[in-house]
Amino acid sequence: MPAKYHIHVHPISRRFPAPGKSTILDWGEGCLRCTHCVKETCPYLAFRQRDFDQTSLTDTIDNFCKNCYRCVQGCPRELVVKAANPQYRTLGDDYWKPEIILSTYSQAETGKIPVSGAGYGGPFAGPGFDSIWTDMSEIVRPTRDGIHGREYISTAIDLGRKPLFLIFNEQKDLAFTPPPLVEIPLPVLLAEPPLGAAPDKVRQSTVQAARQLSTLAVIPRENLGSDFDQADGRLVPSYVCETLNLDDPLLAGVPLVEIGDHESVLEKIESLKRRYPALITMIKVPADGRCEARLAELAGAGAEVIHLAADQHAMGYGDAGHLHLKDLIRTCHLRLVADNLRDTVTLLASGGIAMAEHVAKAIICGVDGVIVDLPILLALECRLCRECQNGGSCPVQMEKLNVRRGAQRLMNLMGAWNNQLLEVLGAMGIREVRRLRGEVGRAMFVDDLQQEIFAPLFAQPVKDGGRREGE
Amino acid sequence: MALPEIKPVNDQWQPGDPYTPVRTPCRFKNPLSKYRVWRNEAKCIQCGKCVEVCPYGVHAKAGKYVRKPKSYLCLGPACEKNAFYCVANCPAQALTVRLNPVYPTLGDYRWSGDLLLSTWWQAEFGTLPYSDLEYRTGASGGGFDKLRFLFPPRHKDLKLTHDDISLELELNRRGDGRPQIKLSVPWYSAGMSFGSISINAMLSRLRSAVRFNTMMSTGEGGFPDELIPYQDFVITQVATGLFGVREDTIQRVRMVEFKYAQGAKPGLGGHLLGDKVTPAVARMRESVPGSALFSPFPFHSVYSVEDHKKHLDWIKEINPRALVSVKVSTPTDVDMVAVGSYYAGAHVVQLDGSYGGTGAAPDIAKKNIAMPIEFAIPKVHQFLKQEGIREHVTLIASGGIRTAFDIAKAIALGADGVQVGTGEMVALECLRCYQCESGRGCVRGIATTDPELVEMMTVEWGEKRVSNLYHSWAWQLKEILRRLGMRSIRELVGRTDTLVHLDYYNLPVDDDLRRGA
């Protein structure tokens, strides 16, 4: 058994106060000066700890308030009020919801998995990944020892081409050289985010975190200046097919390269592999209408790793713009299964992977692992305001980020994600993330349940014709 | 079976006797409200006109002075059509009525602000709110929140009165010679352990259960001595951690709940953080104060359905008069699990859906693991029917049952009855801040064992609040049955034809019991 993979989390406080969902408004006019003011008896000492943040010019009370409403309900003159915070709703967008952003901040800060009481308070189901529930087992086999101090659950995956069988010669030795493989201990690769202020700081934090997590960092080649170690075993330079120069010194030092899909990509890979046989190649295929056929074609031609890339909201491109990444993954996975190619190739997906549950759900739909980008920015306190794209200044001063602390925040986030993945695997009684791939039988899709259970009960016309009482 | 003896609680009544609600206001100075009435002190001339006109008691006088308005009793701006609208009647224009800025911050998708406020209302008055508060559904956009009752035209069974309608639930259908337990209402209180909630909260729930002749599960935290006077109404839980499980606690009760998993964290263990393990809790659980307690998953002595049967036999052997309930979560094969539990000897199969739960759980588990109860109930109900054993097992649903309408919908989908937990917590003024597990626990004095915080709530107050809510639920259930022309809640089981689902039905449908007759 391999040594247990452990991510060293360490709390790194936030540099900026995060906006709360609601905020405390209080005023002094009419105050009775009670001896036991609700502000003094606050069980969380929020009023005592509140401060004025000089950089963001905001009150920090929302970071201490836990919404018990004792002040609101206790002040005899009703001078303390909680009101919706308009700043909160402006965080992120329809997909990168404020809830996701705040949860990412706190995971990156503490490295702990989000835990709360009082049941689930969210919507019944939703589009995309929110339409999937994962399975559990009431009784599992004797060897597993609960979620705490449990038996080892492996989250490692292999990247590379896998032979379907082995051939031995007469001396009982392997009769061929197996293709190179890279094992990463968690099914998540980091990638340079497609936007953001101070990209060099973000990039350095990403590469450093990838190194400490023993995973890989996918970085566009043109962004890898001389300040990066040319022989970094954790670096994956990403090339546009035409610009890939076989004499690039970086190619000798890295384990994996990413190449954008192109009609001549297979020839390019052939010449690359001839010169660097130990190098693994990953082809980045946009998740458009022809991705299924293209994946089958590439896998059939011997592709090692394929990266299916959706947009930032986990939707396909072009004529697949209406399809969610989870459905595109399922189609591609099933096509590769039908073609007897699935086990030969490593399939990764990116785009809109925003939470730990998305990792598990993407894998259930059929990928081996995922590549994350925007959560890296969020872990570094980005507000996704996208001001940087318009040349505006960054509200969280990314340019002042301390790279070491940034990398630790990324490790904290991945530590929290990995533990959440373990929760999901543990509940299912699965001991290896590799076994989760394509296990849709261990998941429930809201559309299927609705079709199987509700449609037969409710999809036929009603006798009384919907007359409403009292009309 | 004769009704068990209970310690007299002040006045003379028997379990299951009709209950008259006792108005039990909010514990805090300012009850939260949807609308807010502002009085401009500078303009007010203390004439008392508002006190005179408002029939709802929003305004009141204390001696010469007009008191601070009780906003939560106000109809809101919709009142302006009434002749008694205080704002229009005020000679000094000192009053305004508007949406309370606090209101949009209350609640979440499942428990919307309206649902919290209307549940608090029912806990205070025992009746439905007269204002426009929604009391039937939340805003989760699926499941119960998309199901509506379609009442037949009103002429059908007008003669039926609430006295003709029975809500009774029988728990033993096996015919195995063990006693029958007949509850007067189709719900009982879900397991919440001593430690996760305070003894006061526990006693409030239990004493309400006694009033309504129903039961309460102890959860996995032992059987505190304070519950002994009411032991015939207690269900004790045997869960994976076996905390506080002793032969005498099993021998004391009429029903034992064998818990495999819970909906909020299916397939994961329970976890009581160190701060909440006070000396009292530690004593009960035979552990060390201050050190966190893990309830593992799964049962380390149950790895097959045969092992499962062995455990149920063991409980039945220790207490020959007890019924056995098996609590499971809702995986893809929940129907098979239910059948297995029946053949292992369970009287009650309890399905705990993924969206409920009260204690601390990882967010990823609460949201993603296992299916919502709305799908699990019909799946299991139909499968048990196919197997020909539906009539021999009592199917109880839990995990996300918030209102009387949820109870009725769960039963119409195929359950015999339900377990409720969060609804009772809300009656005790939980506002779902999600901080049950942290530090000393709930700072509103419900889910805590911190001596100072526990003092925030008395058993007398809590008992009345929960009983009032129960009263309102019983009234609503009877009213639903009356409108459907049914004499017993038994008739509603599996009657999905009384429901419509808004995904498949686009005519207007209104099942508000405050309208129509």
Side-chain angles (χ1 to χ4, degrees), chain A residues 21-22 43 66-70 72-76 78 81-84 113-125 133-142 146-148 356-357 420 423-424 426-429 441-442 444 449-450 453-454 457-459 462 464 466-470, chain B residues 28-30 101-102 104-105 108-110 140-143 151-152 154 260-261 264 266-269 294 296-298 302-303 328-329 331-332 337 355-357 359-360 362-371 375 378-379 422 432-437 443 496 500-501 504 507-508 510 515-516:
Chain A
K21 187 171 185 178
S22 56
K66 306 256 190 223
N67 295 312
C68 73
Y69 287 69
R70 272 176 54 177
V72 178
Q73 294 198 263
C75 172
E78 297 185 78
V81 161
K82 284 225 79 163
I113 69 173
V115 170
S116 59
Y120 174 65
F124 184 78
W133 292 290
T134 63
D135 199 16
M136 61 80 66
S137 301
E138 308 287 352
I139 297 175
V140 291
R141 47 196 205 83
I147 204 84
H148 305 286
E357 64 192 69
Q420 288 173 82
E423 300 272 353
V424 172
M428 285 194 222
R442 302 302 306 277
M444 294 163 266
L449 290 177
Q450 190 100 355
I453 299 172
F454 276 0
L457 298 176
F458 301 114
V462 184
D464 276 324
R467 209 163 340 146
R468 110 191 209 193
E469 191 168 338
Chain B
F28 302 93
K29 274 201 189 76
N30 314 317
V102 177
T105 68
D108 49 48
Y109 291 94
R110 287 198 67 78
S140 76
F151 296 127
R154 67 157 92 171
Y260 277 97
L268 314 172
F294 294 103
F297 180 87
V302 183
Y303 293 117
V328 294
S329 187
T332 46
V337 170
Y355 284 166
D363 289 353
I364 190 168
K366 294 199 291 189
K367 180 180 171 196
N368 298 295
I369 305 179
M371 72 171 103
F375 290 126
K379 190 176 164 89
T422 309
R432 295 176 61 74
C433 65
Y434 303 112
Q435 305 294 324
C436 328
E437 86 295 351
V443 299
T496 47
V500 290
H501 192 289
Y504 305 101
L507 293 167
D510 181 8
R515 282 191 281 275

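To find a chain, count down the sequence lines: A is the first, B the second, and so on, and within it residues start at 1. Computation of the quantities below employed the complete heavy-atom set of this structure, encompassing side-chain atoms and omitting hydrogens, waters and symmetry-equivalent molecules.
- In terms of heavy-atom pairs under 4.5 angstrom with chain B, the leader among A125(A), G441(A), G122(A) is G122(A).
- For the residue pair F454(A) and P378(B), the shortest heavy atom distance occurs at CE1-CG, 4.4 Å.
- The main-chain N or O of G117(A) is never found under 3.5 Å from a side-chain atom of Q435(B) such that the two would form a donor-acceptor pair.
- K366(B) contributes a side-chain N or O that, together with a main-chain N or O of S116(A), makes up a donor-acceptor pair within less than 3.5 Å.
- Heavy-atom pairs under 4.5 Å with chain B peak, among E78(A), K82(A), Q450(A), M444(A), at E78(A).
- Interatomic distance, CG of L457(A) versus NE2 of H501(B), reported as 10.0 Å (0.5 Å rounding).
- In this structure, F124(A) has its ring center at least 6.0 angstrom away from the ring center of Y109(B).
- Going from atom CG of N368(B) over to atom CD of E357(A) covers 4.0 Å, rounded to the nearest 0.5 Å.
- Q73(A) contributes no side-chain N or O that, together with a main-chain N or O of K29(B), makes up a donor-acceptor pair within less than 3.5 Å.
- Under the side chain to side chain donor-acceptor pair (under 3.5 Å) criterion, S140(B) pairs with D145(B), not counting sequence neighbours.
- Taking every heavy atom of both residues into account, L449(A) and F375(B) meet most closely at CD1-CD1, 3.6 Å.
- Using a 4.5 Å cut-off between heavy atoms, V443(B) contacts chain A through both its backbone and its side chain.
- Separation of atoms OG1 (T134(A)) and CD1 (I364(B)) is listed at 7.5 Å; rounding is to 0.5 Å.
- Between A427(A) and I369(B), the closest heavy-atom pair is CB-CD1, 3.8 Å.
- Contact tally against chain B (heavy-atom pairs below 4.5 Å) for Q420(A), R442(A), M136(A): the top residue is M136(A).
- In this structure, N67(A) contributes its side chain and C433(B) its backbone to no donor-acceptor pair below 3.5 Å.
- In this structure, Y69(A) and T105(B) have side chains that are in contact, with non-hydrogen atoms separated by less than 4.5 Å.
- Looking at I113(A), the atoms closer than 4.5 Å to chain B (heavy atoms on both sides) all sit in the side chain, from C-beta outward.
- Applying the side chain to side chain donor-acceptor pair (under 3.5 Å) criterion to Y434(B), with sequence neighbours excluded, gives D108(B).
- With a 4.5 angstrom heavy-atom cutoff, A261(B) touches chain A via backbone and side-chain atoms both.
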